[in-house]
Amino acid sequence: MRLRHKPWAKEMIENHPQYIVGNPESYKGKWNEVFHNKQPLHIEVGTGKGRFITEMAKAHPDINYIGIELYDSVIVAALDRLIEADLPNLRLLNVNASELDKYFAKNDVDRVYLNFSDPWPKTRHEKRRLTYKDFLKLYENILVDKGEIHFKTDNQGLFEYSLQSFSEYGLLLTFLSLDLHRSNFEGNIMTEYEQKFSEMGNRIYRCEVKFQN
């Protein structure tokens, strides 16, 4: 994905600390202080322009959400959505997903969403895939016992790889769809990429897995 540089993005992020948490490491183990409640916490790793996480927060006010996005020039689109919606149960983090355990403690998170992650198709880039075993260990370190990962993609190769990775790690498969938009699954909220790829005729794959600890 080619990113368009937005020189004003960093300043915009700094000017909205009420939406993008500027010192997330200080809330490790105590995210309830950010949301002022003890609701379950779901995070989306690679939130992109924020359509999915914003609509989820609107639909489920009894759950707290955090969208995580590394790139300044992308997260500002999600920030625009959040400013407009002004949702008390949604915050954003402008951090690297490979360092999630710097910001979240064990039992902080109830569910992880991975939506249309970069497939990194070359074998030498396997460790960058968000369903690689090192990332699964990272999620396990911040999730509650029997915490869940919900995964969507249009990339068949990445989906097959991810199912194998989940299985080898010992995760329990609880839901599987090889053609989500032609299934009877209810409550699906599309990402920007999902809508684009679906309109192109691409099949959407989805699964849910949970840790068995």
query: Is it true that the NZ or CZ of R129 lies under 6.0 Å from the centre of F135's six-membered ring and within 45 degrees of the ring axis?
result: no

message: Treating E194 as the side-chain partner and I204 as the backbone partner, does any N or O pair qualify as donor plus acceptor under 3.5 Å?
response: no

- prompt: Going by the angle between their ring planes, with limits at 30° and 60°, are F159 and F151 parallel, tilted or perpendicular?
  reply: parallel

- prompt: In terms of side-chain geometry, is the basic nitrogen of E208 or R206 positioned less than 4.0 Å from the acidic oxygen of its partner?
  reply: yes

message: Check whether S162 reaches the backbone of L158 with its side chain - one donor and one acceptor, N or O, closer than 3.5 Å.
response: yes

statement: For N89 and H60, the nearest pair of non-hydrogen atoms, with its separation, is ND2-O, 3.2 Å

message: Parallel, tilted or perpendicular, judged at 30° and 60°: which one describes the rings of F197 and F116?
response: tilted

query: Are the side chain of R203 and the backbone of D154 linked by a donor-acceptor contact shorter than 3.5 Å?
result: no

message: For the residue pair R91 and Y65, would you count it as a cation-pi contact if the rule is NZ or CZ under 6.0 angstrom from the ring centre and within 45 degrees of the ring axis?
response: no

Side-chain H-bond candidate by donor/acceptor type, N32 with Q39, under 3.5 Å: no

field: Pair Q195, E199: side-chain N/O donor-acceptor within cut-off below 3.5 Å
entry: yes

message: Tell me whether K49 at atom NZ has more than 12 heavy atoms from other residues, nucleotides or ligands lying less than 6.0 Å away.
response: no

